[in-house]
Each structure stands twice: as structure tokens, then as C-alpha cells.
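In what follows, a single structure is set out as C-alpha cells and then discussed.
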Amino acid sequence: MTVTGRLAPSPTGLLHVGNARSLLLAWLAARHVGGTIHLRIEDLLPDGDAHLPALLADLRWLGLDWDPWQGREFVRQSERAALYDALLAELLMRGDVYPCVCTRKDIDLAARAPHAEDKGAAYPGTCRGRFATDMAALAFERERARQENRPPLGVALRLRVPETPVAFADLLHGPQSVLLPADCGDIVVRRKDGGVAYMFAVVVDDWAMGVTQVVRGDDLLDVTAQQIAVYQALQRLDSQQLPAFPGLPQYAHVPLVLGDDGRRLAKRNQSLHIGQLRQQGVSAERLRAWLAVSIGLAPSAEMAALARDFDWQKLPREAVRFGARELGAL
Ligand code: GLU
């Protein structure tokens, strides 16, 4: 079977060494087997494309290339709202998705036991079966806002999650099984501001683009079961809006890059942004050689050689560090 992978960066921040390493791995995994790889810009949030030109420049500088999709050089999620909305409308009709007016506070109050500290409580299903239509939920919210003397919020849409565990096998992390009602509850697929949620768009697009392999940072391992629940709902929907089901992708969640503080690289690690390295005179060859070693390969700077030699077995399973020392050595 031919492999179709994807590079799916969010241009909300600049690309850092950690993003670059995950994207390189996605590229290598596809190219190693002669597969296709598409670029999808995940610019769903307002102002989501602030860094798009820099992002494209960084990807190219790094040596990545990608295959057009439907005659376009890359896909932008911000241009695909019509498809997401049409599918949400169908799911709403089918009852797999329902309007929700709960606030985070409502949810925390309704939950019996606090969940993992940083994650918040699982959604207890308060709005399941509560409103017949989106309009009814909106009318409720307007009335509540009037009583509370505040501007009304929008209405979210939530997907009913299965009662039974969602199981999948990750290439690096092995078999996984998540009981979604306990883990997170019904999933927000449309935000209150009317924008489609990442969790939904990512699956619609992976399906529409025929993606068979998802390689990304292991911070997304935890939400993969939610994405599979979206796949399952779309399968039940059997919509004309989507091509035939390409099957669930093979997931590989790769270890992240940590900074000197032991935390994963993020916006605060300004000095480790690709553009910044470039300005400091670091060459793409030197960075690729470091990346190559960090993924268990010989320090080659040649993309073709890296693609040839890439081997999942050689990839270290633990996070790697990239800080001042590594930067100085480049
Ligand atoms: N756009 C997401 C990010 O940059 C990645 C989404 C994905 O690979 O599924 O974190």
C-alpha cells in the first residue's frame, strides 16, 4: 500500500527545532517508502496565519518538499470552513453532534471528581438531548445572558463519544485504549465563536486528503482516541461530501525536543527558532546533521541519504535535548 503522509504545522508561532524535528520525521517516514506527503497549514484560529510566510521559508530552508494536493501547493484549513460546516450540519441532523451552552465553570461544577490537574474535568454530558436545534440553544443562551446582564456567547457543538474504549496501536507507543467518557467526555467540534475545532478539522482533512500515516509530536498521543471517535462518527455518517474512507491512519507519536529547562520547546525558546538560527549563521546542513544524529542516523546533511537510511528502529524513544550547548556546537 502506498503511504500518504502530511506535514501539518500551525503557523501561530515560529518553527523551532522541536517542530522541525517532528516535521522531518514525518517527511522521512513517507519518503523512505517512496510515499507522498502533503502540506496542510492548520490556521484555524483567528490570526492563525500570522507567521505563514516565515513558516514556508523555514520548511524550504530545512530541505523539506511536499506534493501538491488537488492542484494546490498546500491546503489551508482556513479555506475549508464550508466542508467542515456541511459535515457538522449532517452530524447534527443525525444526532451524533449536539449544541452545548456549558461554560468551563459549569462543567467543573457538574463534575463529581476533579480530573488530572492541567486537563480539567471530563464533560459530564449536561447538554446531551437538551436542545432540539442549534437555534434553541442560542435562544437559551441569549435569555441566560440577559438575566446575568452580560453579552451572550455563542453555542458550541459536541460530538457524542462512544461508551466503550477506543483502541488503536501507535507505532512507537504500542497498543492504546482510552475510555473517552471518563477521559474527556463529549468532544467540542465547533467552538463557541463558531470556528471549527482542531480535533474535528484534522480528521476531516486527513480523511479528505487520503492520509494513511500520521507522524507528529507525542504531546498529541493523548488526543488521538478523540480523533478516532471523530473518524467513527464520520464513517457512520457516510457523507457524500467525503471520498471513500481511506482507513484509519497509522499513528507514530515521536518524542519531543526539550530545552535546557527540561521542558519541551515552545514559543519562549526564542533563540531556538529556525529563523533565528539562520540569522545567527547556522547552515541548514549543520542543523540537518544534528537532527540526523538525534534520530539515530549518521550525521548526513543530504535529504536523499536521510530518506534512504531512515529506520524507525533506530529512533531513540526518549526526548532529546537542544539547548545552549547544542546550539553552540552547530
Ligand atoms: N497543527 C498541529 C500542531 O502544529 C499538529 C496537528 C497534527 O499533526 O495532527 O501542533
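In listed order, ligands and their atoms are each counted from 1.
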field: Euclidean distance, L55 CG relative to L23 CG, rounded to 0.5 Å
entry: 8.0 Å
Parallel, tilted or perpendicular: ring planes of W290 versus F322, cut at 30 and 60 degrees: perpendicular
message: Distance under 4.0 Å to a non-hydrogen atom of V202: what atoms of ligand 1 satisfy this?
response: 9 (O)
For [atom], grab the closest protein heavy atom and report residue, atom and distance to one decimal in Å.
atom	answer
atom 4 (O) of ligand 1	S10 OG, 3.2 Å
atom 5 (C) of ligand 1	A8 O, 3.5 Å
atom 8 (O) of ligand 1	R6 NH1, 2.7 Å

field: H253 versus G217, closest heavy-atom pair with distance
entry: CD2-O, 3.4 Å
query: Between P162 and L180, which heavy-atom pair has the shortest distance, and what is it?
result: CD-CD1, 4.2 Å
message: Heavy atoms only: which of H253, E42, R216 lies closest to atom 6 (C) of ligand 1?
response: E42
message: Quick check against the 3.5 Å criterion: does R31 have a side-chain atom that pairs as donor or acceptor with the backbone of G35?
response: yes
